[in-house]
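Everything below concerns the one structure shown next.
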Amino acid sequence: MAKTKKTYTWPHRHVLGLEDLTADDLRHVFATARGFEAVSTRSVKKVPALRGQVVVNLFFEPSTRTKSSFFLAASRLSADVLDFTASMSSEKKGETLVDTARNIEAMGVDVIVVRHGRSGAARQLAEHVGCAVVNAGDGQHEHPTQGLLDIYTIGQRLGLDTCDLTGKTVAIVGDIAHSRVARSNIHGLKKLGAHVICVGPPTLLPGGFEAMGCELSTSLDDVLERVDAINMLRVQFERLTSPAFPSAREYTHLFGLTTERLKRMKNNVLVMHPGPINRGLEIESAVADGPNSTILQQVTNGLAIRMAVLFLVHQAQSAEPAASVR
Amino acid sequence: MPKTTPIADAQRVAELIDQLVEQVAAGVAERGDSPLAIVGIRRRGDVLARRLAERIDHDHTGLVDITLYRDDLSEIGPQPTVRTTEIGFGVDGATIVLVDDVLMTGRSVRAALQTLIDYGRPRCVKLAVLVDRGGRELPIAPDFVALTNAAAPDEHVKVRLTPTDDKDAIVWIKR
């Protein structure tokens, strides 16, 4: 390869987590997503970029939104999409995850989008298959496209084309310990210069997040005035029975985003939620539907971000053999 | 080292753009009530389109990014970057002048046409280029062209235009 000065090249055949991406990578995804936004608004909502390619949605956990979003994103790139819903209960400790993926790959697949209940499952898959892998959520580890679309939405709403978040403060509220959305957001936000405050009950706020450069707080009321964006994590009902989790009423009292709390925040604060929301639990209806809310914009942006990610991993994948020939 | 031969200086480029403006203005005069849009192909066609739009009476301007429509995505060396396509007007029934700096294989024009057609059905599309350097691989011909100058396959024709570049010029680069 000839030496070219300062031309950025997207290097990743897989997107497994925002931990693996640099600030330049993140900005490149956002710039690419911007180019895809318009596709959804024109009369033919499709571009031929991935024509003839096959994208598989390999989901071991139930998901409607993320799966639909990836499905639509792949369709708008003209790829063929195969939905493969697998059950984790039939799986024996990773062996069958790889077997399943290899079987699918043998059908001639270009990109596997995988969601799995075990942290690290996406990486394990990437190490064992030849096609590109996009992580759609692995256990409590990462949910990179959610992190990307959240940060993209912040940049868009704050009018920051470069997504330089220096001087901006973002709070993430809820069950931080078990949240892959929180982890992906933290990695991305920190790389772009933001200050991140993790807020939650002490039992769900491990000290390890301090090492990731976050401020920890067990009081939502204490941080309200300082934040430019607040990301309200969804309360997972299966955790409500855990002794680490406060009762629903107590949770809402301490960590719910109410109209009263919103009044004490900056006027133009962004209220975010990865969805689906539990109205009246972590967020009050009036707040979720109010002018500060970015919730539906996040969903819309999710499509452009996922188109960008699918396009980029495919681009990196098709560049690889060509580069080795030269 | 690549050898660079200047073909046109700033004054010559100005003359060529004058010619192109004249040709385009005459060529679209008979369009009736169809709105006129001047649309540049990114990345250098958009600069030329802006220069033409300053001097030709028009209804709309636009930009097309053809990255997603290329047929050579996996063949070209450095990855092309996806940029925004900006078509903020109704394409149906419009007369569109598609603008690019250099015409060679015709593949960019094919991709740009497909992009436009995904936005609607224009009354007609015409092609304006500053330089036709030959080397067509598809049956595409310009309607308006300021300079026709055959170049060898290993020669690269580079059009420099302000404000993206510091001055107007056309150069031949032999690799």
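Each chain gets a letter, A, B and so on, in the order the sequences are listed, and its residues count up from 1.
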request  = Please state whether the side chain, the backbone, both or neither of B/Glu86 comes within less than 4.5 Å of a heavy atom of chain A.
outcome  = neither

Exceeds 12 heavy-atom contacts within 6.0 angstrom, atom CD of B/Glu54 = yes

request  = Taking atom CG of B/Asp154 as the centre, report whether more than 12 heavy atoms of other residues, nucleotides or ligands fall under 6.0 Å from it.
outcome  = yes

Chain B contact via A/His28 - which portion, at a heavy-atom distance below 4.5 Å = side chain

request  = Using a cut-off of 6.0 Å, state whether more than 12 heavy atoms not belonging to B/Gln11 lie near its atom CD.
outcome  = no

ask   = When rounded to the nearest 0.5 angstrom, what is the spacing between OG1 in B/Thr67 and CD in A/Gln315?
value = 8.5 Å

task = Under the side-chain contact (heavy atoms from CB on, under 4.5 Å) rule, what do B/Tyr119 and A/Val44 come out as? Steps first, then yes or no, please.
result = CA-CA 6 Å; B/Tyr119 279 83; A/Val44 176; over 6 Å; no

Side-chain heavy atoms of A/Phe311 within contact of B/Leu68, under 4.5 Å = yes

request  = To the nearest 0.5 Å, tell me how far B/Asp65 CG sits from A/Arg34 CZ.
outcome  = 13.0 Å

ask   = Could you state the interatomic distance from OG (A/Ser43) to CD1 (B/Ile117), rounded to the nearest 0.5 Å?
value = 11.0 Å

task = Taking atom CG of B/Leu138 as the centre, report whether more than 12 heavy atoms of other residues, nucleotides or ligands fall under 6.0 Å from it.
result = yes

key: Other residues, nucleotides, ligands: >12 heavy atoms within 6.0 Å of B/Arg31 CZ   = yes

message = Tell me if the CZ atom of B/Arg110 is crowded by more than 12 foreign heavy atoms within 6.0 Å.
response = yes

message = Can you tell me if B/Arg121 has over 12 outside heavy atoms packed within less than 6.0 Å of its CZ?
response = no

inquiry  = Looking at every heavy atom in both B/Val82 and A/Gly35, which two are closest together, and how far apart are they?
reply    = CG1-CA, 4.0 Å

ask   = Is A/Lys46 salt-bridged to B/Asp118, cutoff N-O under 4.0 Å?
value = no

